[in-house]
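To start, the structure itself, in structure tokens.
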Amino acid sequence: RAAAPFQYLVVQKTGALQNVGVIQLNRPQALNALCEGLMKELREALEALENDSQVGAIVITGSQKAFAGRAGCFSPLQIWGAGRSVWCPILFPFAAGADIKEMQNKTFQECYSSSFLAGWDKVSTVRKPIIAAVNGYALGGGCELAMMCDIIYAGEKAQFGQPEILLGTIPGAGGTQRLTRVVGKSLAMEMVLTGDRISA
């Protein structure tokens, strides 16, 4: 094991030489929603693997249905946001992103003064190569997390998108900048302004 047991992650070393660190998001009751606790544990796991001289690369993955998920989806067609039920054009409740239940009652001032997204960029500052292994939904914060990695391996079932517009907001962890670099300005604008997804 690379580190002590975590509440929201499964962390292990694998490979013939035990030189690949694997971090699996493990919050199935909330579809891997990226809550503050999960993100804190992710930073700790990344630091431990980065400081482990035996580890040469790191893989971040989720489950087959969700790379990371949004909590609070009550049915395949509804999600809870801003105190009301809103339309969500997602076939299954596995939309990746920040934990909406954790965020929904916070004001802008509370988010800003508490450095709400501080530390989300840890993935992009690790010196070892990080691979996002995605074979499910990577939407919102989950898409942003995947884009912070050096390489994305996408399975046949992978879906990427920035559906924050459906909640009346925009990507908040660098998604607008990273998405533009990855898919180009026109497709990034379409995805951010419509909430549409793209497949692998």
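Quick caveat, the model's predicted, so the values are computed rather than measured.
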Could you tell me whether a side-chain N or O of [X] sits under 3.5 Å from a main-chain N or O of [Y], the two making a donor and an acceptor?
| X | Y | value |
| --- | --- | --- |
| Lys128 | Val55 | yes |
| Gln24 | Gly62 | yes |
| Asp150 | Ile130 | yes |
| Glu41 | Gln7 | yes |

Exercise for the section: Report the C-alpha separation of Glu44 and Lys40 in whole Å, then their side-chain angles, then the decisive distance to 0.1 Å, and conclude whether the salt bridge (charged side-chain N to carboxylate O under 4.0 Å, His left out) test is met. Expected result: CA-CA 6 Å; Glu44 292 170 4; Lys40 179 180 181 287; 2.6 Å; yes
Problem - Salt bridge present between Asp52 and Lys13 (N-O < 4.0 angstrom) - result: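 Between Lys13 and Asp52 there is a salt bridge, with a charged N closer than 4.0 Å to a carboxylate O.
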Handout entry: Lys/Arg N to Asp/Glu carboxylate O, Arg127 vs Glu50, below 4.0 Å
Key =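 Looking at Arg127 and Glu50, the cut-off is met.
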How close do [X] and [Y] get, counting heavy atoms only, and between which atoms?
| X | Y | result |
| --- | --- | --- |
| Tyr8 | Leu38 | CD1-N, 3.4 Å |
| Val11 | Ala45 | CG2-CB, 3.8 Å |
| Gly142 | Leu34 | N-CD1, 3.8 Å |
| Asn135 | Ala158 | OD1-N, 4.0 Å |

Kindly indicate whether the side chain of [X], heavy atoms from C-beta on, has any atom under 4.5 Å from the side chain of [Y].
| X | Y | answer |
| --- | --- | --- |
| Ile198 | Val183 | yes |
| Thr194 | Ile165 | no |
| Val59 | Ile23 | no |

Handout entry: Positive for side chain to side chain contact (heavy atoms under 4.5 Å, CB included) with Gln162, one of Arg178, Arg197, Met147
Key = Met147
Problem - Leu9: which of Leu25, Ile60, Asn26 passes side chain to side chain contact (heavy atoms under 4.5 Å, CB included) - result: Leu25
